[in-house]
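Below: one structure, written as structure tokens.
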There are 2 protein chains.
Amino acid sequence: MTNSQGISELVINRLPRYHRFLGELLSKGVQRISSRELSEKMGLTASQIRQDLNCFGGFGQQGYGYHIEQLRNEIGNILGLNKSNRAILIGAGNLGRAIASHMNFEGKGFRLIGIFDKKEALKGQIIKGLPIRHIDDLDEFCRENLPVCAILCIPQNDAYEICNALIHLGVKGFWNFSHYDLAVNHPEIAVENVHLGDSLMKLSYKIKND
Amino acid sequence: MTNSQGISELVINRLPRYHRFLGELLSKGVQRISSRELSEKMGLTASQIRQDLNCFGGFGQQGYGYHIEQLRNEIGNILGLNKSNRAILIGAGNLGRAIASHMNFEGKGFRLIGIFDKKEALKGQIIKGLPIRHIDDLDEFCRENLPVCAILCIPQNDAYEICNALIHLGVKGFWNFSHYDLAVNHPEIAVENVHLGDSLMKLSYKIKND
DNA sequence: TCCTCTTTGTTAAAAAATAATCAAATATAT
DNA sequence: ATATATTTGATTATTTTTTAACAAAGAGGA
């Protein structure tokens, strides 16, 4: 499966991992690396690394390899990590709060600007410096602050409706933790489903069949 | 890539999603479905559904389709969801607590039996009916209770050491939320890495390139 | 009961992804 | 300055995955 730029989804899936490994190397003071060395560290083939990177440009140099800092920056640019997309969190339950507190949005292309929940009781509580707002204020807040991304930590039943409303309010991307399988028709809307339950089931399979 | 049973990883990845969709249909009172109908709902081809299922057996019937409840049970059995693998959570920070509270382990093949953290201050606090124990008690607890699975919600730097210790204590599977890329050599150890940061970066790419 | 229509499981074809190969470019050592 | 070692980016081959096609089985209606 390929996206609008003709880049395979599988290639995109690997980019964050490259970024992560290059960051680790950098923090260890390593400055350059060959595709062969990196392939050994990451458990894939050198050929694949070179192919993946050459989808976006020739970042290496014959006889030398890749300059780690430069390559990492290139990958960061491809992923858009330098951006600061305004993001709002919908649902301040256990998971929502954990995502807000735990995730490092800056450096991954996002900035959290608002948190919403339908429970009146949570209103005003502060998380990561942001007050929880009531979901009724979502509309007004969006018109004023124009968030680009919404993080959905809400029950399955609420997801469809909220998602639709947010699309009309201009939200372009969804990080969806709800049990609902967000399948937006609009090709200009980006969705990243995180189904933790599916992941756990896969682990169950692997444990069972090892 | 295929696992020890010769089943492609990609097929396994799709099984939980089938299970989920069949569950939704069932809860709506639908009893039977054809691969064509299901393919339309799920946004893939009928051919793929039939191929996927036939990796494990012929669960359908010509001219009729699939009996939803029966098929869902079959998939559940394949995934091992009927099991009750003893699981422990390491790391009771924001994310760990959210996972413990939010996840429905029963029905996904697991049962949470212990929670550990290195912070003395958290000791004794109750989450989902389980007291947080100090990490120093991990060894003894494991010898007595023989957990099969560990959920790692710990910092990157601690992951490698803890993981190794747990393997020696008989843990067979890891649900890894740490930033560390758990790459266990032992083929009999199952690992499911959940890199939320990677997922967020992918969303950044998609938003940027839509 | 018989006929038609549906739908599976399987086989074959097509497409996509991965891995191997290699000429050209560059680093590094002598 | 030259020769040798590396290592990339691109091309080609291989493998894997997905899609299409179709015969055989069964459902459902006349």
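Residue numbers begin at 1 in each chain, while the letters A, B, ... track the order of the sequences. All values below were derived from every heavy atom in this structure, side-chain atoms included, with hydrogens, water molecules and symmetry-related copies excluded.
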Practice task
Could you check how far CG of Leu38(A) sits from C1' of dT6(D), rounded to whole Å?
Solution key: 16 Å
Practice task
From the options dA25(C), dG9(C), dA27(C), select the nucleotide whose nearest atom is closest to the side chain of Gln62(A).
Solution key: dA25(C)
Exercise for the section: Return the value, rounded to whole Å, for the distance between atom CD of Gln48(A) and atom P of dA19(C). Expected result: 5 Å
Practice task
Can you figure out which of dT10(C), dA24(C), dA27(D) approaches the side chain of Gln61(B) most closely?
Solution key: dA27(D)
Problem - Smallest separation among heavy atoms of Ala87(B) and Ile151(B), with atom names - result: CB-CD1, 4.4 Å
Exercise for the section: Pick base, sugar-phosphate or nothing for Ser47(B), based on heavy-atom distances below 4.0 Å to the nucleic acid. Expected result: base
Exercise for the section: Could you check how far CG of Asn54(A) sits from C1' of dT8(D), rounded to whole Å? Expected result: 8 Å
Fill in the blank from the handout: Sorted by position of nearest nucleotide on DNA chain D, 5' first, the leading residue of Gly63(A) and Gly60(A) is Gly63(A)
Exercise for the section: Could you state the atom-to-atom distance from CG of Leu44(A) to P of dT18(C) in whole Å? Expected result: 10 Å
Problem - Length of the CG-P vector between Leu10(A) and dT18(D), whole Å - result: 9 Å
Fill in the blank from the handout: Here the residues of residues 24-37 of chain A within 4.0 Å heavy-atom distance, strictly under, of DNA chain D are Ser34(A), Ser35(A), Arg36(A)
Handout entry: salt_bridge(Lys118(A), Asp136(A)) N-O dist < 4.0 Å
Key = no
Handout entry: Nearest listed nucleotide, side chain of Tyr66(A), among dT18(D), dA27(D), dT8(D)
Key = dT8(D)
Exercise for the section: Would you kindly give the CZ-to-P distance between Phe59(A) and dA10(D), to the nearest whole Å? Expected result: 11 Å
Completion exercise
The glycosidic conformation of dA5(D), counting syn as within 90° of 0 and anti otherwise, is syn
Problem - Residues Ser199(A) and Glu192(B): side-chain donor-acceptor under 3.5 angstrom - result: yes
Handout entry: Main-chain N/O of Gly173(A) paired to Lys206(B) side chain as donor or acceptor, under 3.5 Å
Key = no
Exercise for the section: Mark yes when over 12 heavy atoms from residues, nucleotides or ligands other than Gln31(B) sit less than 6.0 Å from its CD; otherwise mark no. Expected result: no
Completion exercise
In whole angstroms, the gap separating C1' of dT17(D) from CD1 of Ile49(B) amounts to 16 Å
Handout entry: Proximal nucleotide (of dA20(D), dT18(C), dA27(C)) relative to the Gln51(B) side chain
Key = dA20(D)
Practice task
Please state how far atom CZ in Arg50(B) lies from atom P in dT6(C), giving the value in whole angstrom units.
Solution key: 15 Å
Practice task
Verify the neighbour count for atom NZ of Lys128(A): are there more than 12 heavy atoms of other residues, nucleotides or ligands below 6.0 Å?
Solution key: yes
Can you list, pair by pair, the side-chain donor-acceptor contacts under 3.5 Å of residues 94-103 of chain B, counting residues two or more places apart and other chains?
{"unit_1": "Arg97(B)", "atom_1": "NH1", "unit_2": "Ala92(B)", "atom_2": "O", "d": "3.1"}
{"unit_1": "Ser101(B)", "atom_1": "OG", "unit_2": "Arg97(B)", "atom_2": "O", "d": "2.7"}

Practice task
Taking only the side-chain nitrogens and oxygens of Thr45(A), find out if one of them lies under 4.0 Å from OP1 or OP2 of dA19(C).
Solution key: yes
Exercise for the section: Examine the side chains of Asn176(A) and His195(A) and answer whether a donor and an acceptor come within less than 3.5 Å of each other. Expected result: no
Problem - Ser8(A) vs dA17(C): side-chain N/O to OP1/OP2 distance below 4.0 Å - result: yes
Exercise for the section: Could you check which nucleotide pairs with dT26(C) in any of the strands shown, counting Watson-Crick or G-U wobble with both distances under 3.5 Å? Expected result: none
